[in-house]
Amino acid sequence: MIEQGISDHLLKFEDLEQALILFCEQIVASANGSSDYKALIRLVMVEAANLPDSFFDRLDNATEEGIIRRFTEFGQNGLLHVIDPKMAAKHFAALTFLLVFNQPGKIGTLDEEQNKHIITEGVRVFLCAYAPQRKS
């Protein structure tokens, strides 16, 4: 899901903000359209107390690896100011698609407009925080 979104939206683009929004929208649409994903989320929510921390670490790492690589490249190319790509990936996910997924009692039930609003505003906040530093 993540790698496909990166391939579709974050390799070649003209507008970084729009590319990031489309990337997140694809992740949300893929997850919301997947009965397997919904079943996994329900299972994890029910069993969270019984799962080892290493399970959540592996889950986080699998989600973040591709994003970390792209943010590292964006930093090298001057598109973002990224000191810690892993933290940037965590911030990005928390402000965008994870915020959509973590709406209490509404997993997979937000409409497209609500998803778009959360994602768009999250991308804008992220870009404010990670914009390249301007030289005076």
Side-chain angles (χ1 to χ4, degrees):
M1 185 168 26
I2 299 288
E3 290 299 328
Q4 186 62 52
I6 289 170
S7 177
D8 291 348
H9 302 291
L10 299 182
L11 295 180
K12 293 181 183 177
F13 54 86
E14 292 184 23
D15 179 344
L16 179 59
E17 179 179 318
Q18 188 61 32
L20 291 169
I21 290 168
L22 292 171
F23 168 70
C24 291
E25 288 177 343
Q26 182 172 330
I27 291 170
V28 169
S30 294
N32 285 344
S34 169
S35 58
D36 288 343
Y37 179 82
K38 288 178 185 175
L40 173 63
I41 294 302
R42 280 192 296 275
L43 179 63
V44 168
M45 289 174 76
V46 169
E47 294 296 328
N50 300 319
L51 295 170
D53 289 342
S54 61
F55 172 83
F56 294 104
D57 291 341
R58 283 193 306 268
L59 197 59
D60 281 348
N61 290 340
T63 301
E64 294 169 354
E65 287 174 4
I67 298 171
I68 291 167
R69 281 193 307 274
R70 287 307 296 150
F71 285 1
T72 299
E73 291 170 14
F74 291 165
Q76 292 167 345
N77 295 329
L79 295 171
L80 295 174
H81 178 69
V82 181
I83 295 170
D84 181 346
K86 184 170 185 164
M87 184 57 67
K90 286 181 180 299
H91 287 154
F92 178 75
L95 289 166
T96 57
F97 56 88
L98 290 182
L99 190 56
V100 171
F101 296 150
N102 291 330
Q103 295 298 308
K106 298 185 183 271
I107 294 172
T109 62
L110 296 178
D111 67 35
E112 195 172 321
E113 266 318 296
Q114 292 170 309
N115 290 342
K116 186 169 186 63
H117 179 71
I118 291 168
I119 289 167
T120 299
E121 293 307 312
V123 167
R124 288 179 179 154
V125 169
F126 175 81
L127 290 175
C128 285
Y130 286 93
Q133 295 180 338
R134 294 193 173 113
K135 295 178 183 174
S136 307

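The figures that follow rest on heavy atoms only: side chains count, while hydrogens, waters and symmetry mates do not. Since this is a predicted model, take the numbers as computed values, not measurements.
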Flag, side chain of Arg70 to backbone of Ile6, donor-acceptor distance under 3.5 Å = no
Minimal non-hydrogen separation, Pro132 against Gly78, with atom names = CG-O, 3.1 Å
Is the shortest heavy-atom distance from the side chain of Ile118 to the side chain of Phe97 under 4.5 Å?
-> no
On a heavy-atom basis, the closest approach of Ile119 and Cys24 is CG2-CB, 3.4 Å
Could you give the distance from CD (Glu17) to CG (Leu22), rounded to the nearest 0.5 Å?
-> 10.5 Å
Look at the rings of Phe126 and Phe92 and say which category their plane angle falls in: under 30° parallel, 30 to 60° tilted, over 60° perpendicular.
-> perpendicular
Can you name the residues that form a side chain to side chain contact (heavy atoms under 4.5 Å, CB included) with Glu112, not counting sequence neighbours?
-> none
So, the side chain of Gln26 versus the backbone of Phe23: is there a donor-acceptor pair under 3.5 Å, distance only?
-> no
Taking only Lys NZ, Arg NE, NH1 and NH2, and the carboxylate oxygens of Asp or Glu, determine whether Lys116 and Glu113 approach each other closer than 4.0 Å.
-> no
For the residue pair Phe74 and Leu16, what are the closest heavy atoms and their distance?
-> CE1-CD1, 3.7 Å
What closest approach, in Å, do His9 and Ala19 show between heavy atoms, and which atom pair accounts for it?
-> O-CB, 3.3 Å
Does the side chain of Glu73 pick up a donor-acceptor pair with the side chain of Asn77 at under 3.5 Å?
-> no
Taking the side chain as every heavy atom from C-beta outward, state whether Thr96 and Ile27 have any pair of such atoms under 4.5 Å apart.
-> no
Which value, rounded to the nearest 0.5 Å, describes the distance between Ile67 atom CD1 and Arg69 atom CZ?
-> 10.0 Å
Supply the atom-to-atom distance Lys90 NZ to Ile68 CD1, rounded to the nearest 0.5 angstrom.
-> 7.5 Å
Rounded distance [0.5 Å steps], CD1 in Ile83 versus OH in Tyr130 | 8.5 Å
CG-CD distance between Leu10 and Glu3, expressed to the nearest 0.5 angstrom = 10.0 Å
Is the shortest heavy-atom distance from the side chain of Val123 to the side chain of Leu95 under 4.5 Å?
-> no
